[in-house]
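Okay, structure first, notes after.
This one's a predicted model, so the numbers in the text were calculated from it and none came from an experiment.
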There are 2 protein chains.
Amino acid sequence: MNFQQLRYIRETVRQGLNLTEAAAKLFTSQPGVSKQIRELEHELGVEIFVRRGKRIVSLTLPGEQVLKVAERVLDEADNLKRVASEFRDIEAGTFAIATTHTQARYALPRVVSEFRKKYPKVHLSLHQGTPQQVAGMVIDGVADVGVATEALAGYPELLALPAYTWSHCVLVPPKHPLLRDSAITLEALSRYPIVTYDAAFTGRTHIDEAFVAKGLKPDIVLAASDSDVIKAYVELGLGVGIVAAMAFDEDRDRELRRIDAAHLFPTNTSRIAVKRGIFLRGFAYDFLELFSPRLSRKSVERALKGGQEMYEL
Amino acid sequence: MNFQQLRYIRETVRQGLNLTEAAAKLFTSQPGVSKQIRELEHELGVEIFVRRGKRIVSLTLPGEQVLKVAERVLDEADNLKRVASEFRDIEAGTFAIATTHTQARYALPRVVSEFRKKYPKVHLSLHQGTPQQVAGMVIDGVADVGVATEALAGYPELLALPAYTWSHCVLVPPKHPLLRDSAITLEALSRYPIVTYDAAFTGRTHIDEAFVAKGLKPDIVLAASDSDVIKAYVELGLGVGIVAAMAFDEDRDRELRRIDAAHLFPTNTSRIAVKRGIFLRGFAYDFLELFSPRLSRKSVERALKGGQEMYEL
DNA sequence: TATCCTTACGGAATTCGTAAGCATG
DNA sequence: CATGCTTACGAATTCCGTAAGGATA
């Protein structure tokens, strides 16, 4: 048994049980992967994959268990490297952040700039994606942390720490009729075409919930995956925008007016996630604390040890 | 990085930082071990061992951390094999029990015989030693479980499950003056020479505690590591015996009389220990339950997941 | 027929053991 | 000077890539 064999079966599963793609992803030959997997199966004395003729169609029962433990072995092996690099140079290393548009654009710039000041030798990288992709990148080890409002709390492999809460606001062009109301209502809002986020982005679930609870059917004319697209179309007069409050900048967005909507939609919690069971570098803990002062090294370590349970703000 | 390198550093530490002995234990050449360790150090970019000239004198700070994680990697790799063998033949395998004399002689025979009836295909082995050796065998993976009254609860690497409780009794030759008293006292006992266990065996700590609490200094004339030696010398009239109650057999020990002493010494708890973080075969869970019905598979799994805390009977 | 896994084989790389060298106590 | 780690080198083993073969959808 060797690490390579374990990597091969993990990647094969990740690539949807396709040896060819697994080999490509690992920059090696496909027959090599095939052979190593068969040798591991022979050594362990159990078949890991169910094969129909020469196709791999699923994991066997033992294969599922073997995969689980193999992933733990590989995670610990990665930890070994991280532990060593922590000592090699406590101030240097690489740090990858997976995140969504809204976080990258409005929440992270401050944190990233402070972090770079504190750790100039750390090679920082950002990877943008949907909340699901963010979760996947952290689980696959492509990213060290993931930041998003949606989805993160739903993966048992991840520890999704609540970082901050925020509300939506409504954006309209200047002189829009809604600006006359002293306090806006959902009923009033639903009379206009609406421009907001795509499902699965930036609190869209909470927006839908609020309308459904009132029995209203809003007319969503544009579902975007980022706030800047929404703002652009509100400026064009396509409809009324619903965005995260932090996406509005009075100085920059002169062609828009902001209407408070905190009372209309449930509060949203943005989370920062790390993979359970991995070793975090010292500067990673500092990043978490820069992002949210509540996430001290101590409290994060406690949460990492504390098994499955989540905690809320 | 490969498994062999991790095994080499683990064994080197186990052998007291002696490469030569580590190589011998692993049936390989000493230069090979040296080279592989240096290559791992080079790959990780940190020194694992502190060398004075050509002697290894201690672990470096990073070395201590690396060792910890390396042990987890190797434990998980062992788990992988165990998981596989669980599927290969659910009824077959090997099972090693580390235990002390008293347990092996008086507590385990029933359990072992029931176990062998249930799992005739499992290759069962017993390894006798001191409580400390028992703990060591479980930690090193030489044994799957360890059974003893002393020491086991003191190792953070082990989960020491309370299995049953027992008391000491006093053994004397027939017609001994102590037989005239209706209820024995520590004061009465301390007037006679005493034959009992060696320190660190079978509840000896509890015996000492009881005498110290009363300000008594018993005259221990023989400190044995097993009950049979104690009984033999009590029969010879060397002194009064204090042994585990289960060690007295009315039919077999015709030359001895038993005096209840449960009120004199604290109750003892015998424990069965497994190493934390390892995968237990199905039959191992059954062994635990045969030993103590309280140790159901469910409760043991809960305890294994539940981190550090112990629980008492 | 295109995709995808397995087998076969030769070359490259790694690992391992023996022999020799050198530092420590 | 005995113990114990390192270096050097050659042999054995393992690993990996190319080419060819066979199965499935």
Establish, with yes or no, whether the OP1 or OP2 oxygen of [N] is under 4.0 angstrom from a side-chain nitrogen or oxygen of [X].
X	N	answer
R51(B)	dT6(D)	yes
S34(A)	dT7(C)	no
N18(B)	dC5(D)	yes
R52(B)	dG25(C)	yes
Q4(B)	dC16(C)	yes
R38(A)	dT6(C)	yes
T20(A)	dC5(C)	yes

Most 5' of G53(B) and G53(A) on DNA chain D, judged by nearest nucleotide |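 Result of the comparison: G53(B).
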Base, sugar-phosphate, or nothing for L17(A), non-hydrogen atoms under 4.0 angstrom?
->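 The residue L17(A) makes sugar-phosphate contact but no base contact.
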Considering only [options], which nucleotide approaches the side chain of [X] most closely?
X	options	answer
L19(A)	dC5(C), dT6(D), dT18(C)	dC5(C)
R55(A)	dT3(C), dT7(C), dT24(C)	dT3(C)
Q36(B)	dT6(D), dT15(C), dG17(D)	dT15(C)
K54(B)	dC16(D), dT3(D), dT6(D)	dT6(D)

In whole Å, what is the span from the [atom1] atom of [X] to the [atom2] atom of [N]?
X	N	atom1	atom2	answer
I48(B)	dC5(D)	CD1	P	15 Å
I56(A)	dA23(D)	CD1	C1'	13 Å
E39(B)	dT15(C)	CD	P	6 Å
F49(A)	dC4(C)	CZ	P	15 Å
L40(A)	dT14(D)	CG	C1'	15 Å
E41(B)	dT7(D)	CD	P	11 Å

Classify the ring geometry between F283(B) and F95(B) as parallel (under 30°), tilted (30 to 60°) or perpendicular (over 60°).
->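 Judged by the thresholds at 30° and 60°, the geometry between F283(B) and F95(B) is perpendicular.
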Check each of L280(B), I272(B), D144(B) against F287(B) using the side chain to side chain contact (heavy atoms under 4.5 Å, CB included) test, and report the only one that passes.
->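 With F287(B) as partner, side chain to side chain contact (heavy atoms under 4.5 Å, CB included) holds for just one option, I272(B).
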